[in-house]
Participant: 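One structure, as structure tokens, below. Some questions next.
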Amino acid sequence: MIFLLFTFGIIFLAFGYIFFRLYKKLKRIKERTDAIISNLTDGLLMYDEKNVITLLNSQAEKILKINAKDVLNKQIKPEFFKTEPKFLTLTQALFPFLAAFAKKVGPETETYPKIHEIILQAPNDMILQTATLPVYNNNKEVIGFMKIIRDITREKLVEKTKSEFIMVAAHQLRTPLSAIKWIFRMLMEGDVGKLTPEQISFLKKGDDATQRSINLVSDLLDVAKMEEGRFGYSFEQANIIDIISSALEIAKPEAKERSVKLIFNHSNIELPIIKVDTEHLKQAVQNLLDNAIRYNLPGGEVVVSVEKEDKFLKISIKDKGIGIAPGQLDRIFTKFFRAENALRLQTEGSGLGLYIVKNIIKRHGGDIWFKSEEGKGSIFIFTIPIKEELIPKEQDFEESIKGF
Ligand code: ADP
């Protein structure tokens, strides 16, 4: 009997010791996880499917201006926005539609993480970026959500200041550049006396360089305006054939100079009248044509085609030029990007053209993509919706399509 009690005692002590070690280990792991969570530089908020707050780190307390003890295990409802002023920021972070302005950033799909930029209602003048992710249990069932919250007010202010600086600088540069160009033209046309062919050739170089600077300044101004949401669209009924024909007319002299043939294929089918911003769409087509001519080879050709496909008009611009190397395909629509072969060819360019084109096409509710093979040529294809309903409403459109 004593022996049995002794054996049980030993077993009991052994289990007690094992449990004690396990408990200490778990405690250490929990302390470490808690330390990581509370020292995160971003705010972290966790809540279940009924919006009951289950975790909140100290950074989230700071950003959302709340005390963890006031919200932990509390169900947050949209109506708190009106009834509980101390939860004002928290309710807007949880329900972005309550904010003064909220937009979804990144892909337009329903996949996670869902990223929002939220401009908060007064008095908390702040811009937050929230990334929402589901939290799963072992059976892969959603048991709640996690929000990573960043205060991006300063970043946005710096971005705005940068855009404004570019806008002012570009505006100030455009006027004197136009005056210089006008003077070059006057001299070349012999308005102040007859010139020798050599003198005219020097003036032509000056005139070309001034035109390049004017183009760069215009591109910079357009991008700054787009990012400020001030590019200004005005939609009207138009015929796509007219828009492309007039862009082709403008491109003709450059094509002739580079011995590139321009071909316009528009099948005999009747194309519907569409609602577009004629000037901006013409600018997009002009940019694409300009690239197809400049990155072509002498004696090459550019073929423009239009067809109707489902709810869209599909326009393609095909060249047989230098093409784009596989490693650089995904950066083509990025601001200031110029591919290595284009830089080697050294035709002038800012790397802003396609960024502007993509923004214009997206504003019309269309899309743009391309296929290219280095040394063989490229085809850029874009779509424009036929029905007006497919054009995004101004407030829904993110003028700045960052992350291209
Ligand atoms: P830019 O032409 O002023 O450099 P873009 O934004 O219009 O700027 O084009 C970005 C880059 O994409 C170009 O520098 C070039 O490398 C590449 N690219 C654009 N269009 C073509 C084309 N049709 N063929 C080959 N490369 C092209």
Side-chain angles (χ1 to χ4, degrees), residues 166 170 177 208-227 231 244 247-248 250-252 254-255 257-265 280-305 314-363 366-382 399-404:
I166 293 176
L177 281 170
D208 288 349
T210 315
Q211 186 57 54
R212 280 204 295 278
S213 308
I214 292 174
N215 293 346
L216 173 64
V217 163
S218 298
D219 281 355
L220 282 172
L221 200 56
D222 284 350
V223 168
K225 279 189 196 160
M226 277 169 175
E227 294 186 345
F231 196 46
I244 296 173
L248 277 165
I250 296 168
K252 250 187 195 165
E254 176 90 13
E257 199 173 310
R258 294 180 188 257
S259 314
V260 172
K261 201 164 145 197
L262 298 178
I263 300 162
F264 187 15
N265 270 342
H280 287 330
L281 193 59
K282 192 160 90 185
Q283 177 184 2
V285 178
Q286 246 170 273
N287 268 338
L288 292 169
L289 278 175
D290 196 43
N291 284 348
I293 296 167
R294 286 187 301 125
Y295 302 117
N296 220 313
L297 304 173
E301 63 177 36
V302 174
V303 183
V304 185
S305 313
K314 191 165 118 186
I315 296 99
S316 64
I317 292 157
K318 187 170 180 229
D319 66 67
K320 289 186 180 164
I322 60 171
I324 301 158
Q328 311 201 303
L329 295 175
D330 52 351
R331 297 174 61 197
I332 283 301
F333 290 105
T334 321
K335 254 190 293 182
F336 299 111
F337 179 75
R338 302 202 67 214
E340 273 160 30
N341 57 353
L343 286 168
R344 257 182 273 127
L345 201 69
Q346 279 197 338
T347 65
E348 74 267 17
S350 61
L352 292 172
L354 288 179
Y355 178 84
I356 294 170
V357 172
K358 184 155 182 174
N359 200 298
I360 294 174
I361 302 300
K362 286 276 178 185
R363 179 63 188 91
D367 202 359
I368 177 162
W369 66 98
F370 67 95
K371 290 181 216 147
S372 185
E373 208 178 322
E374 195 173 15
K376 293 214 166 140
S378 315
I379 177 163
F380 281 80
I381 302 160
F382 72 87
E399 286 261 19
S400 118
I401 33 178
K402 291 167 192 118
F404 279 172

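Both ligands and their constituent atoms are indexed starting at 1 by order of listing. We number each residue from 1, following the sequence as shown.
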Participant: Looking at Asn291, Ile381, Val304, which one forms a side chain to side chain contact (heavy atoms under 4.5 Å, CB included) with Ile317?
Facilitator: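 With Ile317 as partner, side chain to side chain contact (heavy atoms under 4.5 Å, CB included) holds for just one option, Val304.
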Participant: Is there a donor-acceptor pair closer than 3.5 Å between any side-chain N or O of Asp290 and the backbone N or O of Gln286?
Facilitator: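 Checking the backbone N and O of Gln286 against the side chain of Asp290, no donor-acceptor pair under 3.5 Å is found.
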Participant: Measure up the Phe380 and Phe370 rings against each other and bin them: parallel (under 30°), tilted (30 to 60°), perpendicular (over 60°).
Facilitator: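 Ring orientation of Phe380 relative to Phe370: parallel.
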Participant: Can you find a heavy atom in the side chain of Ile356 that is under 4.5 Å from one in the side chain of Val223?
Facilitator: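 Contact flag for Ile356/Val223 side chains = yes.
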Participant: Are there any protein N or O atoms under 3.5 Å from the N or O atoms of ligand 1? List them with distances, or say none.
Facilitator:
from: ligand 1; atom 1: 2 (O); to: Asn291; atom 2: OD1; distance (Å): 3.1
from: ligand 1; atom 1: 2 (O); to: Arg294; atom 2: NH2; distance (Å): 2.8
from: ligand 1; atom 1: 2 (O); to: Tyr295; atom 2: OH; distance (Å): 2.7
from: ligand 1; atom 1: 3 (O); to: Ser350; atom 2: N; distance (Å): 2.9
from: ligand 1; atom 1: 3 (O); to: Gly351; atom 2: N; distance (Å): 3.1
from: ligand 1; atom 1: 4 (O); to: Tyr295; atom 2: OH; distance (Å): 3.2
from: ligand 1; atom 1: 4 (O); to: Arg338; atom 2: NE; distance (Å): 2.6
from: ligand 1; atom 1: 4 (O); to: Gly351; atom 2: N; distance (Å): 3.4
from: ligand 1; atom 1: 6 (O); to: Gly353; atom 2: N; distance (Å): 3.1
from: ligand 1; atom 1: 6 (O); to: Leu354; atom 2: N; distance (Å): 2.8
from: ligand 1; atom 1: 7 (O); to: Asn291; atom 2: OD1; distance (Å): 3.3
from: ligand 1; atom 1: 7 (O); to: Asn291; atom 2: ND2; distance (Å): 2.8
from: ligand 1; atom 1: 7 (O); to: Leu354; atom 2: N; distance (Å): 3.4
from: ligand 1; atom 1: 8 (O); to: Gly351; atom 2: N; distance (Å): 3.3
from: ligand 1; atom 1: 14 (O); to: Tyr295; atom 2: OH; distance (Å): 3.3
from: ligand 1; atom 1: 14 (O); to: Arg338; atom 2: NE; distance (Å): 3.3
from: ligand 1; atom 1: 16 (O); to: Ala339; atom 2: N; distance (Å): 2.9
from: ligand 1; atom 1: 20 (N); to: Asn291; atom 2: ND2; distance (Å): 3.4
from: ligand 1; atom 1: 23 (N); to: Asp319; atom 2: OD2; distance (Å): 2.9
from: ligand 1; atom 1: 24 (N); to: Ser378; atom 2: OG; distance (Å): 3.4

Participant: Please say whether more than 12 non-hydrogen atoms of neighbouring residues, nucleotides or ligands are located less than 6.0 Å from CD in Glu340.
Facilitator: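 It does not: Glu340 CD has 12 such atoms or fewer within range.
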Participant: One pair to check against side-chain hydrogen bond (donor to acceptor under 3.5 Å, both in side chains): Asp222 and Gln283. What are the steps and the verdict?
Facilitator: CA-CA 11 Å; Asp222 284 350; Gln283 177 184 2; 2.8 Å; yes
